[in-house]
Each structure stands twice: as C-alpha cells, then as structure tokens.
Amino acid sequence: MKKTFYVTTPIYYPSDKLHIGHSYSTVAADTIARYKRLRGFDVKFLTGTDEHGQKIERIAKEKGVTPKQYVDTIVDWIKDLWKLMDIEYDIFIRTTDDIHVKAVQKIFKKLYDSGDIYKSEYEGKYCTPCETFFTERQLVEGKCPDCGRDVETVKEESYFFKLSRYQDRLIKHIEENEHFIQPSTRKNEMINNFLKPGLEDLCVSRTSFKWGIPVEFDPGHVVYVWIDALSNYITALGYASADDADYKKYWPADVHIVGKEIVRFHTIIWPAMLMALNEPLPKQIFGHGWLIIDGGKMSKSKGNVVDPQILVEKYGVDSIRYFLLREFAFGQDGNFTNELLLKRINSDLANDLGNLLSRTVGMIDKYFGGALPAEQTANGFDQDIIEMAKTVVQQVESHMEKMLFSDALAAIWSFISRCNKYVDETTPWVLAKDEERKAELANIMYVLAESLRIISVLICPFMPNTPKAIETQLNIKDSAIKTWDSIQTFGGLGRQVTIAKGAVVFPRIDIAKELEAIEKDIPTPEKSEVKETPINKKEDE
RNA sequence: GGCGGAAUAGCUCAGUUGGCUAGAGCAUGCGGUUCAUACCCGCAGUGUCGGCGGUUCAAAUCCGUUUUCCGCUACCA
C-alpha cells in the first residue's frame, strides 16, 4: 500500500474575494501535494471555506440576500480562481456542508459529555449600534473601537472549552516535537505568550447571532468559530460520519499550511481539541510569512489588494506560481512588487529557461532538420552536466522535505544556467560548419534535450503547464520518462530526438512599459503612505 | 510593558554547531559570442557584516550593552 500524505490549507473566509496572500498559501500547498504525488504518495489535499459568523451574516443582510446565497457566489468565484491557478485539490470543504455540520454537532456533544465543554457566563462589552461584542483589550479608551460610542457590559450564557486542562500536555508536546511548529521562531511565541502565562478557557458558543451551526442540545446557541472551523480538517475526511474510511486512512495530517497570524489557533486550540477527543495530533503546522506590499497600500477595506486573477490573466499561471515560490523564503515575510515580479519573469523564465528551450529546439531544427541522427560522439563537457543533473535531483528532494521551495527552485535554476554555459563551451555553431563533426554536434543537442527533460520533471510541482510545452517541443510522449524515477539517471530520452518547434514559452516583458500600464490601473499612493501594509493581515483566513 | 525576530554589496537576500581573500541573484561597467526571446558566456567591482565593549589564537557568527525596524500579546476571522 502506498504511503499517505495529507496536506491542508486554511479554510478561507468568503466575506469577499480572495487576494494574492490566499493564493500564496494555496499554491504552496498545491505544490507540495503535486510533489508528493510525483514521489508516489497517496495524497489528500484539502482546501475550503469557513462560512459562518456574524460578519457574513451582516454582509448578506446588507446585500439583501441570505448568508448562504451570499457565500455561494463567493465560493463559486474561489473555485474558479483555484481552477485558473491550477490548484488540484482533492476535497473542497465548506463549513455549511451537511457532513461538516453534523460532525461538528457530534464533536461538540462529545466534548460536552466528557466535561471538556461546560456552560458558564461570558462577560463582554457590547456596542448596541454596531451589534458587536468586544473584549476589554479591544476597546479604545473604554469606547467602541468602531464607532467610538459607549459600550455596555453584557453577560451572555455561553459554553466554554476547557483549554486550561491541556496546557501541560501541550507544552510537553511542543517541546518534545521539534518539527511540530515551523518555523521554530513561532514556537517560542506560543510558549512564551500563551502557554507559560497560562491558558484561559475558550468561549465556544454564541447567542448573539444565528448564522452558525446550532448546538444540538441547546438550540439558542450556535457553535462559535474555532470549534467549527478547525474541525474541518477531520470532518472533511468523514470523521464522526457514517463513512470515516478516509479519516482512518489519512489522519493525522502531515502538514497544515497556515498564515503566521493563525498559528496560535492551530498549535494550541486545535491540538487541545484533538486531545480532548482522544485523536492524534497533526504532525506539523507550518506558519508561512506574509506578502508585504511595498509601494501600494493594500488592504481589503481600501479595495486595492493585489488581485491574483488579474496577475494570472496578464502573465500566466506558471509565472505567478514561480514568482511566489521563488522570490520569498516560505517562513518569512516578503515584499511583493510588480517590478520584482516582472524582473523575475524576464531573467529566470524568459532569459534562462525559455531561451534554453528555444535555442536548443532552434538548433536541432536548423542543423538537423528537426531530427537527431543516432550517430553521436560524446565530448569532455558532458560529464559535468550528467553529474550536476544527478546532484540537482537530490538537492530538490532535500529542500522539498523542509518546504524550502525557494531553495529548491534556486537549485533547479543553477542547473539551467549550467546548461546555458554548456552551449557556450561546446560552440555548436562552429561544429555546424563542419560536416565531419555532425556526430559531435548531435550529441551536444542530445545532452541539452535530455537536460530539459529532467528540468521539466523537476519543475512539475511548481509550474504545471510549462512541462507540457517542453514535452511538446521535444516530442516527449512516453509517460515512463516523465516520472521522478526517470530523472534519477541521465539518458532516459531516446537519442534520436525529434522536435516540434513551438511558440515562445515565456515572452520577454518590456518592464518599463508594463509598469507604467499597471500604475494606470492602480494609482500609487503618496510616498508617505507607502509604509508596508500586510495584504493578508488578520483578515479572513 | 513582556516575549520573539530582523539589521550583511545600489536592490533582494544566503551565510549550519565561531576558522577562508564575507557570498548569490538582479542592476552597473568592460570583454566574448551569435544557436537563441537585444538572449547567452566570462571578467570587474565597491561592503567599518547597525553602534560600542568583551570572550578567543580566531567572531558576521558567542556574551553584554545600545540604536532602528518588525512580529506576537487570546475569543474578528
């Protein structure tokens, strides 16, 4: 039986369309999923939407539709976006799905029965005009942070989750499992800010709004966010349903990919819930960094966030996916600018990879009429290429285990550079003038074609479309030479390569011109406002 | 306030447990080449590794201190 691999994204809050920050998490998860599939794992890749809560209820009301109608339209849009970005998820869970709703009710009941959930009183500050609860901390000088008016103390009967009960076990688990929280700096934040000072019990029900999962045995209450949202990772697999085969097969998750702002929920509340349910904990939570906008104030409230749809339509999925994973270190924040994006596309994709393919295919066409002869003679530079091809595969494998996407791509690109250098070293245009040396020339072309085959397999997880273009132009049809195993040794491609010249894969972009055009679409704010603004800050994961 | 990060070439960043003339990519300059998407290849740089003090034969790397920036600080997701 194949080894399983279960990877998840956060479930996104469909209060509005998603932005590039959400795409970032999802592209990363998709890439790791594709990579693991390529390595022969039985992969489950889960994404979805977290659809309940007061905010959605309010927006729907403003729009004059039901909450369900409202989220339906956003969810359709999200699914289209993932299709556009070539996200190959296995399951798309919605917290309004029947299977999820029923399972959450069972989970809630189970926790109540075990004494992990108890009824008590929640005391909060309520702003009547805004119809919102606030905590003491959220208040601005004792007033409503939204409208500035007075708030009143309101007591609400609520259910609480006994988070405090699991404090010691959590500390132990986190400290004993080095890879549980990644990157490790997040681990210290959790321990010092929450676990060491002591955990407070968590309010897990509300009566102030209706748009949520009703508590089965107490109909006035709805299950509050985190019990609802976090459960998705197991309800999507059929936990607490009639058919829990997938749960038994895939749980615990190998990695939950989340933005760093929700690491807390995933490393404290979620494990505590699982402990209370007597279920195994996920193996790893990876809190990636944010994309920071430099030169543009991007926040949802301003309505000028970076729209992934526009970027993809303009520059292509593979370019955007490549950029996201290459430019930024996965665990850290990174500056997103249009200029960086365009520079990356030009230098790495157009000049290095695209041009390598183009010149290789061009020469096979020009010197051999599109088909290499069987008779080929090796040269002194071949060995270096062959050895490096082997090394690169190992490097990519090692980086991918640690989710170092950028490092993996850098390794692949150093091989691409090596291939471009090989062309210079062997000077095919000189050999082409000499009929006697056709066999040497043919070998050079073969080494390049075979290298491109290997490159095309290596980039598969990151860029789903480019490999197809490479395969078409080099006439690679046999699926046996598109596997990961097939790139462990140099020479999988038959010697008599025939080519089919195609269009340029990554056209060069006139950066100055393009930037000017973009600026027209998105007005640049005053320099003084340029202060970095996280585009996915604390919103809607 | 508490806790945790970051500060390295013009720009974006690498630099495991202290040991190299401190690196890469981009941008810049010069040279080469012409198969290719004015591409590719080579060479050349510049750096008080935030400041100060200390440990050491040796510190970007460890310790102390200081400056600036950033993150987390629980029931909004």
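Below, read A as the first sequence line, B as the second, and so on, with proteins coming before strands; counting in each chain starts at 1.
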Side-chain N or O of [X] versus OP1/OP2 of [N]: is the shortest distance under 4.0 Å?
| X | N | result |
| --- | --- | --- |
| A:Lys421 | B:G42 | yes |
| A:Arg344 | B:C26 | no |
| A:Asn351 | B:C40 | yes |
| A:Tyr12 | B:A77 | no |
| A:Arg418 | B:C41 | no |

Looking just at side-chain N and O atoms, do A:His173 and A:Tyr166 make a donor-acceptor pair shorter than 3.5 Å?
-> no

Will you find, in the side chains of A:Asn443 and A:Asp382, an N or O donor that is under 3.5 Å from an N or O acceptor?
-> yes

For [N], the Watson-Crick or wobble counterpart (both distances under 3.5 Å):
| N | answer |
| --- | --- |
| B:A36 | none |
| B:A24 | B:U12 |
| B:C3 | B:G71 |

Presence of salt bridge, [Y] and [X], under 4.0 angstrom:
| X | Y | result |
| --- | --- | --- |
| A:Asp218 | A:Lys119 | yes |
| A:Glu57 | A:Lys210 | no |
| A:Arg165 | A:Asp201 | no |

Between protein and nucleic acid, restricted to nucleotides 3-8 of chain B and to nitrogen or oxygen atoms under 3.5 Å apart, what atom pairs and distances do you find?
from : atom 1 : to       : atom 2 : distance (Å)
B:C3 : O2'    : A:Asn192 : ND2    : 2.7
B:G4 : O2'    : A:Thr185 : OG1    : 3.3

For nucleotides B:U46 and B:A22, find the distance between their P atoms and express it as a whole number of Å.
-> 10 Å

Considering only side-chain heavy atoms of [X], which listed nucleotide, [options], is closest?
| X | options | value |
| --- | --- | --- |
| A:Asn355 | B:A36, B:C41, B:A77 | B:A36 |
| A:Lys343 | B:C26, B:C75, B:G71 | B:C26 |
| A:Arg508 | B:C39, B:G71, B:A36 | B:C39 |
| A:Leu202 | B:C39, B:C75, B:G32 | B:C75 |
| A:Ser347 | B:C26, B:C40, B:A36 | B:C26 |
| A:Arg359 | B:A77, B:U37, B:C35 | B:C35 |
| A:Phe506 | B:U37, B:A77, B:C26 | B:U37 |
| A:Trp429 | B:C35, B:U12, B:A77 | B:C35 |

Row check, A:Phe323 ring normal vs A:Lys343 NZ/CZ: under 6.0 Å, within 45° | no

Would you indicate what A:Thr360 reaches in the nucleic acid, counting non-hydrogen atoms under 4.0 angstrom: base, sugar-phosphate, or nothing?
-> nothing

Which heavy-atom pair separates A:Ser25 from A:Ile257 by the least distance, and what is that distance?
-> O-CG2, 4.1 Å

Over 12 non-hydrogen atoms of neighbours within 6.0 angstrom of CD in A:Glu436 | no

